Each structure stands twice: as structure tokens, then as C-alpha cells.
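Notes to accompany the following structure.
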Amino acid sequence: MKADDLYEEAAAAHGRALERLVYAYEADPARRPDLLQEIHIALWRSFKKFEDRCSVRTWVYRIAHNTAASYVTRRRRANSLVSLEELDSISDSIDHSRDTGERVDTERLLLLVHRLKPVDRQLMLLYLEDMDAASIGEIMGISANNVRVQVHRIKKILSRRFQGGSQP
Amino acid sequence: MSDPKNLWQNLTTKGEKMSAAEVCAKAEKLDAENRRDTISGLVVASVLTLIGLAGLATLVEAGTPERIIVGIAVGLVWFGAYRTSVRRKGLPTEATFATCLEFYRKEVERRRNYYRAQPWGFLVIVIIAVFQFVIVMRRYNPPIQDMLLYPVILIGLVFAVLPFWIRQKRRFQREMDALDVFEKGSGPS
């Protein structure tokens with residue numbers, strides 16, 4: 001299949017997931033189109049080198065995450081980013097007494113994701129995209145067992161913040 | 001409270017779509033912009049280099065040490081422009097080959113190495129400053145208060161910036177150590 005066709009097929013199948021990924025990596029709405037464009041260009045270019053060694057989905061997520069991670073480190077905001085362990089001890093900055101609707105929950109989730117370092121953020125996003133441990137491991141380059149350990153940590157953080165509703 | 005996975009997958013986005021032709025056009029436009037920036041940066045640096053070289057050739061009264069100093073400054077200007085433009089590596093190409101963790105490690109390592117190497121660059125600046133100071137003192141013997149200002153400011157600036165570089169180097173080293181822990185999956189749960 002031609003690289004352009006591969007790209008069009010991948011963009012149609014994973015376009016929405018790529019947009020969600022952009023939301024996770026760029027908090028400023030005005031800058032999101034730039035990052036999305038950067039990812040699409042990287043993806044389109046990458047299909048010229050695609051050799052069927054992994055699935056198209058794995059390829060798409062790798063390219064997208066790598067481009068976004070590079071974007072984050074370039075923006076020099078890395079100082080304030082935290083790991084999953086550190087995130088567990090940081091409180092939300094949303095006032096829950098005002099509103100408990102879905103919009104606020106989404107806002108909280110985005111805030112939580114924005115605080116994570118690229119690798120932890122990536123893991124969280126892939127989990128939220130409902131991928132299994134093997135797929136996450138293949139995309140990220142870590143073992144499925146390792147993914148399960150990290151996912152367990154993510155579930156704990158999310159359940160504390162979203163099911164329990166209480167702040168740490 | 002809502003399920004985070006549902007929240008995430010129902011996140012309202014604009015639903016933008018791009019065809020391969022549109023992306024291709026945007027990529028070409030971006031490449032053209034990069035080429036233009038690279039060429040203009042190099043042209044400016046080359047013009048500065050030429051002015052420096054012309055000055056060097058026409059500076060009749062200058063002795064060998066002065067020529068060496070101007071020569072080094074001119075060389076540094078051009079090399080700096082060359083390094084930041086032509087030799088700069090494109091990350092998206094690298095992104096194609098590595099897994100996410102590998103890629104991120106390379107990115108952090110690259111930044112760590114940059115901050116690790118830079119203090120030696122500062123040392124060169126200090127050596128050049130001292131060299132200039134000694135040469136001018138010997139040749140022109142100006143009042144000491146006039147002469148001290150330049151090296152003092154230069155060395156003061158270096159010492160002011162140095163802690164920042166060291167802090168950045170340590171931060172990226174910590175980041176690399178954290179990546180090792182992440183890869184092994186041995187972090188505290």
C-alpha cells in the first residue's frame with residue numbers, strides 16, 4: 001500500500017485519538033492546532049519508512065507520542081512536570097464545591113494528565129484509550145508486566161480522585 | 001463521579017480531518033520556512049564573518065595576539081551559526097525508529113549532555129577574556145579601573161549563569177535515573 005493511502009487510512013481510524021492526545025499534551029487551545037499539524041506531518045512522513053514490523057496502530061501512537069514528547073521538552077515547561085508517584089501526593093486545583101458535573105471532571109482529568117512527565121503521561125493516555133498491557137508495552141518499549149504495575153498505580157490515583165471524590 | 005476512561009473517550013474535540021495532499025502541502029511549507037530560516041541565519045553569520053575577516057586584513061596596527069583574538073571571535077560566530085542551523089538534528093525523523101521510551105531517553109540524554117558540556121565552553125570564554133585583558137594591559141597600559149570592568153562583567157556573568165547549567169544538568173540526570181526505574185517497573189507502588 002502507498003504511504004499516502006496508509007496515512008489516510010491511519011488518520012481516519014485514529015484521528016480522534018490523536019486529537020485527544022493533543023489535548024493531553026497542550027493545555028493552550030490556541031496552540032493545539034500547531035501540535036496536531038506537527039503530529040500529522042510526522043505521521044505522513046513516517047509512513048514512507050513503515051515496514052510492517054508492527055501494527056499501524058502501534059506505529060501511529062509511537063510517532064504521535066514521540067512528536068508530542070519532543071514538543072513538551074522543547075516548550076521548557078518540563079520543570080513543573082511530575083511522575084506518577086509524585087502525582088499521587090499533589091492535590092487538584094479545581095474547586096469541587098462549585099460544580100460536580102462531567103465538564104469539571106473532564107477538566108480535572110486534563111489537569112491531572114497535563115502535570116505528568118511525557119513517559120508517565122503516555123502510559124496514562126494509553127490506559128485511558130482502553131489499550132491492553134501488551135499493546136501499551138509494544139508502543140512504549142517496556143514489558144507487559146511492567147505496564148501492569150504502572151497501570152495499577154494509575155488506577156489507584158484515578159480511583160482516589162474520581163470514584164472517591166476526596167482530595168488527598 | 002464519572003469513569004475516567006469514559007470521560008477521556010468522550011472528550012469533545014473539533015474532529016479535524018486532513019488529507020494526505022493537505023499534509024504534504026503543509027510539510028512542504030514548513031520545510032521551506034526551515035530552509036529560509038537556516039539560509040538567512042547562515043547568511044547573517046557569514047556576513048559578520050566576512051566583516052571580521054576584512055577588519056583583520058585591514059587592521060594594519062594590530063599585532064599577532066590581537067589578530068588571534070579577532071580570528072577566534074570570528075570563527076566562533078560562524079561555527080555557532082553553523083552548529084545551530086545546518087548541523088541541527090531533526091527529531092521527528094528519529095521518532096520513526098525508536099519506541100517511545102527509547103526516544104524519550106535519547107531526548108533527555110541529549111539535553112543532559114548539552115548542559116554537561118556547556119560549562120567547559122564557559123571556561124573557554126573566561127580564558128579568552130583573561131588573554132585579552134593581559135594583551136591590552138601590556139600593549140596599551142590603560143588605567144586599571146577602565147580595564148577591569150570588561151573581564152569582571154564577563155566572569156560575573158559566567159558565574160551567575162553557571163548554577164543554572166549545573167541545576168539543569170542534575171535535573172536531566174535525575175530524569176534519566178527515573179526512566180531507568182520506570183523501565184524496570186521497580187518504583188514504589
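Here is the naming used below: chain letters follow the sequence lines, and residue numbers restart at 1 for every chain. Source: prediction; values computed, not measured.
Residues meeting the salt bridge (Lys or Arg N to Asp or Glu O under 4.0 Å) test with B:E33, sequence neighbours left out: none. For B:F159, the ring pair (Phe, Tyr, Trp, His ring centres under 6.0 Å) test picks out no residue, with sequence neighbours left out.
For the atom pair CZ of B:F103 and CD of A:Q122, the computed distance is 10.5 Å after rounding to the nearest 0.5 Å. Atom OG of B:S19 and atom OH of A:Y7 lie 7.5 Å apart (nearest 0.5 Å). Atoms CD1 and CD, on A:I41 and B:E22 in that order, are 11.5 Å from each other to the nearest 0.5 Å. Here the straight-line distance linking atom CG of B:L7 with atom OG1 of A:T106 works out to 4.5 Å at 0.5 Å rounding. To the nearest 0.5 Å, the span separating CG on A:N66 from CD on B:E102 amounts to 9.5 Å. Of the inter-residue distances, the one linking A:S70 atom OG with B:K106 atom NZ reads 12.5 Å to the nearest 0.5 angstrom.
Of all the listed residues (A:Q37, A:E138, A:H65), the one sharing the greatest number of non-hydrogen pairs under 4.5 Å with chain B is A:Q37. If you tally non-hydrogen atom pairs under 4.5 Å between each of B:L179, B:N6, B:L11 and chain A, the highest count goes to B:L11.
For the side-chain contact (heavy atoms from CB on, under 4.5 Å) test with B:C100, the passing option among A:I139, A:V119, A:L123 is A:I139; the others fail.
Looking at A:A24, both its backbone and its side chain come within 4.5 Å of chain B, counting heavy atoms on both sides. Contact annotation for A:L110: only side-chain heavy atoms (C-beta onward) come within less than 4.5 Å of a heavy atom of chain B.
B:V43 is not connected to B:L50 by any chain of hydrophobic side-chain contacts under 4.5 Å among Ile, Leu, Val, Met, Phe, Trp and Tyr, and they are in different clusters. Note on B:V161 and B:I166: same hydrophobic cluster, where clusters join Ile, Leu, Val, Met, Phe, Trp and Tyr whose side-chain heavy atoms are under 4.5 Å apart, directly or indirectly.
Here the closest heavy-atom approach between residue A:G141 and residue B:L101 is recorded as O-CD2, 4.3 Å.
Using non-hydrogen atoms only and a strict 4.5 Å limit, the part of residues 125-134 of chain A facing chain B consists of A:L125, A:Y127, A:L128, A:E129, A:D130. Of all residues in residues 14-21 of chain A, those placing a non-hydrogen atom less than 4.5 angstrom from a non-hydrogen atom of chain B are A:R16, A:E19, A:R20, A:L21.
The number of heavy-atom neighbours closer than 6.0 Å to NZ of B:K29, taken from other residues, nucleotides and ligands shown, is 12 or below.
Looking only at distances, no side-chain donor or acceptor of A:D4 sits under 3.5 Å from a matching main-chain atom of B:A20.
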*asked:* Using side chain to side chain contact (heavy atoms under 4.5 Å, CB included), reason through B:K26 and A:W44 one step at a time and then give a plain yes or no.
replied: CA-CA 11 Å; B:K26 284 181 177 178; A:W44 173 73; over 6 Å; no

